[in-house]
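The structure appears right after this line, and notes come after that.
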Amino acid sequence: MLSWSPLATFCDLQCNIYFLLLGICSALRLTVPSHTIHGIEGQPLHLTVDYNFNITASEIQIIWLFEKPQSIPKYLLGSVNQSVVPDLEYKHKFTLIPPNASLIINPLHVTDEGNYIVKVNVHGNGTISANQKIQVTVDVPVTKPAVQIEPSSGVVEYVGNMTLTCTVGKGTRISYQWMKNGNPMYASSSYTFSSNNDTLLIVPVMKEDMGNYSCLATNPVSAMESEVIAPTIFYGPYGLTVNSDKGLKVGEVFTVDIGEAILFDCSADSNPPNTYSWIRRADNTTHVIKYGPHLEVLSEKVAQTTVDYMCCAYNNVTGKRDETHFTVIITSVGLERLAQKGKSLSSLAVITGISLFFILSMSILFLWKRYRPHKVIQRKLQNRPGADYRKAQTFSGHENAMDDFGIYEFVAFPDPTGVPTVSSQPVSGSDFVQGQDLHSTIYEVIQHIPEQQEDHQE
């Protein structure tokens with residue numbers, strides 16, 4: 001009777017794993033860079049294959065087969081060690097250089113498109129083998145595409161449709177991608193593409209559809225982009241505005257100074273450019289005063305201080321028009337500025353006059369302080385002889401002192417020594433001459449005269 005032993009089972013499992021790892025380590029490994037390779041018609045194609053093994057080999061066999069869809073694989077060529085045995089039908093088309101397993105196809109034609117199967121057999125203590133399949137596609141590079149627009153003369157927005165078609169002279173398996181301003185385009189409510197994407201339909205056309213369109217044509221071996229093309233779209237006018245080179249603008253009201261010439265500019269976004277007309281409204285009537293985008297208004301020639309104008313823009317292709325109203329107010333700010341300028345000049349003249357008067361007064365005061373003319377007079381009186389002084393006093397008097405009664409202006413000569421003036425009592429003539437205080441007031445001099453005359457009478 002057989003008995004089950006866990007130890008025996010474990011040993012069997014170890015042996016199996018060992019032999020499995022041994023088989024893997026000694027197996028042949030065959031690799032290719034890619035299972036799909038794109039070739040260009042008329043040029044050579046290199047199918048790279050690498051293989052390795054870790055056993056002692058006595059013979060290495062390499063076989064290449066060609067397979068088309070739904071057909072039996074064909075033998076192309078093979079080798080054993082260094083000896084190559086090709087199929088005579090493909091002798092000059094395929095090249096194999098053993099022990100390298102890579103295959104060279106030269107030249108490559110569209111008929112060469114299909115699956116290529118490589119098989120490597122290594123014979124040593126035993127024979128091990130491996131195989132790989134490579135799909136080869138053959139393409140013709142695309143030429144530069146061209147874009148056509150219908151209608152070529154242009155289309156009116158919201159009225160017409162536009163069709164763009166991309167055509168390529170040569171190329172296989174072409175994919176089309178439409179670009180607008182360098183960015184890919186995708187289907188939307190306005191954009192419709194054909195089944196292969198070579199046609200773009202825009203319905204309806206709008207101003208936003210303006211831009212630079214191009215077509216990018218690609219295939220597995222090449223890519224080419226067309227020249228940009230800008231369709232003609234007629235639209236507008238949009239955003240009609242009026243601006244001026246002078247004056248103050250608040251909303252639709254322009255305020256200008258009287259005497260100024262102001263230039264108005266009327267502009268709107270439109271294709272083709274608009275035709276502009278300027279209309280003036282006065283006394284509940286309107287009349288066209290000028291055509292063109294510019295209008296010059298001479299404020300001094302306008303009889304009214306408030307004038308209403310209107311600018312009209314018309315697109316003769318779209319048949320649309322737009323208009324904007326504005327008001328011009330003419331003020332006398334310029335005259336007020338001129339009056340303020342005159343006032344500022346008058347103030348400047350007054351300030352200048354006051355400054356000159358002040359300087360002149362200071363100059364006179366300086367001269368007075370410097371030369372002191374009252375001291376010159378005092379000096380002359382001191383040096384004058386007494387007889388002349390008495391004579392002058394007598395000549396200046398009257399027979400009757402009462403005749404000298406009146407209002408006099410008293411002028412006193414200051415005494416630099418601080419000595420007070422002499423008494424006003426009568427003195428004799430000799431005493432007067434010797435002791436007369438020359439610093440006495442005029443009143444005192446006049447008072448002495450009658451008394452001196454009475455002395456002479458006695």
Side-chain angles (χ1 to χ4, degrees), residues 17-143 170-175 218-224:
I17 294 175
Y18 172 76
F19 286 115
L20 179 62
L21 292 175
L22 180 63
I24 293 174
C25 293
S26 63
L28 175 65
R29 298 185 63 184
L30 186 65
T31 59
V32 295
S34 175
H35 290 280
T36 302
I37 296 179
H38 304 285
I40 299 176
E41 185 182 25
Q43 296 185 9
L45 180 64
H46 189 198
L47 302 181
T48 303
V49 176
D50 293 322
Y51 66 92
N52 57 71
F53 53 88
N54 61 354
I55 64 171
T56 301
S58 59
E59 290 181 320
I60 300 175
Q61 184 182 34
I62 302 172
I63 301 173
W64 278 95
L65 304 175
F66 175 66
E67 176 187 52
K68 283 201 173 218
Q70 299 178 354
S71 65
I72 301 175
K74 292 182 179 180
Y75 175 81
L76 299 179
L77 76 172
S79 69
V80 176
N81 294 335
Q82 300 294 327
S83 177
V84 178
V85 181
D87 186 319
L88 294 180
E89 184 180 356
Y90 309 110
K91 180 179 180 180
H92 301 290
K93 188 176 184 68
F94 300 99
T95 303
L96 178 66
I97 304 175
N100 193 330
S102 300
L103 179 67
I104 299 175
I105 308 173
N106 188 23
L108 187 66
H109 297 293
V110 176
T111 56
D112 297 327
E113 187 173 272
N115 295 324
Y116 289 78
I117 303 171
V118 57
K119 181 179 181 182
V120 177
N121 299 317
V122 177
H123 180 70
N125 295 331
T127 302
I128 56 176
S129 63
N131 63 78
Q132 290 284 356
K133 181 184 290 188
I134 303 173
Q135 183 183 8
V136 174
T137 63
V138 181
D139 290 293
V140 177
V142 297
T143 57
K170 289 183 179 180
T172 56
R173 279 190 282 268
I174 302 175
S175 298
T218 62
N219 68 1
V221 296
S222 62
M224 294 292 287

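Just so you know, residue 1 is the first one in the sequence shown, and it goes up from there. Being a predicted model, the structure only gives us computed values, none of them experimental.
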Checking the side chain of [X] only, and the main-chain atoms of [Y] only, is there a donor and an acceptor separated by less than 3.5 Å?
X	Y	value
His35	Lys133	yes
Trp64	Ala101	yes
Arg173	Val138	yes
Ser175	Asn219	no
Asn81	Ile60	yes
Glu67	Ile117	no

Answer yes or no: is there a side-chain heavy-atom contact under 4.5 Å between Leu47 and Ile37?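 They are in contact (side-chain heavy atoms under 4.5 Å apart), so the answer is yes.
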
Would you say that Leu30 contacts Val49 through its side chain, given a criterion of any heavy-atom pair below 4.5 Å between the two side chains?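 SC-SC contact between Leu30 and Val49 confirmed.
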
Please check if atom [atom1] in [X] has more than 12 non-hydrogen atoms from other residues, nucleotides or ligands closer than 6.0 Å.
X	atom1	answer
Lys170	NZ	no
Lys93	NZ	yes
Ile97	CD1	no

Any pair with a residue in residues 76-121 that passes ring-ring contact (aromatic ring centres under 6.0 Å, His included), sequence neighbours left out, goes on the list, sorted by first then second residue, please.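 Sorted result for residues 76-121: Phe66-Tyr116, Tyr90-Phe94.
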
Return a table of donor-acceptor pairs under 3.5 angstrom between the side chains of residues 122-131 and protein atoms on other chains or two or more places apart.
| residue | atom | partner | partner atom | Å |
| --- | --- | --- | --- | --- |
| His123 | ND1 | Thr127 | OG1 | 2.7 |

What's the separation between atom [atom1] in [X] and atom [atom2] in [Y], rounded to the nearest 0.5 Å?
X	Y	atom1	atom2	answer
Ile105	Leu45	CD1	CG	5.0 Å
Ile104	Leu96	CD1	CG	9.0 Å
Leu65	Ile72	CG	CD1	12.0 Å
Thr137	Gln135	OG1	CD	7.0 Å
Ile62	Leu77	CD1	CG	9.0 Å

Contact summary for Pro98 and Gln82, nearest pair of heavy atoms: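 In this case the closest contact between Pro98 and Gln82 is O-OE1, 3.1 Å.
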
For Leu76 and Asp87, run side-chain contact (heavy atoms from CB on, under 4.5 Å): C-alpha distance rounded to whole Å, both residues' side-chain angles, the deciding distance at 0.1 Å, then the answer. CA-CA 5 Å; Leu76 299 179; Asp87 186 319; 5.7 Å; no

Here's a test for you: under side-chain contact (heavy atoms from CB on, under 4.5 Å), which of Thr111, Leu108, Thr172, Val110 qualifies with Glu41?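 Looking at Thr111, Leu108, Thr172, Val110, the match for Glu41 under the side-chain contact (heavy atoms from CB on, under 4.5 Å) is Val110.
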
Under the ring pair (Phe, Tyr, Trp, His ring centres under 6.0 Å) test, residues paired with Tyr75 that sit two or more places apart: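 By the ring pair (Phe, Tyr, Trp, His ring centres under 6.0 Å) rule, Tyr75 matches no residue at all.
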
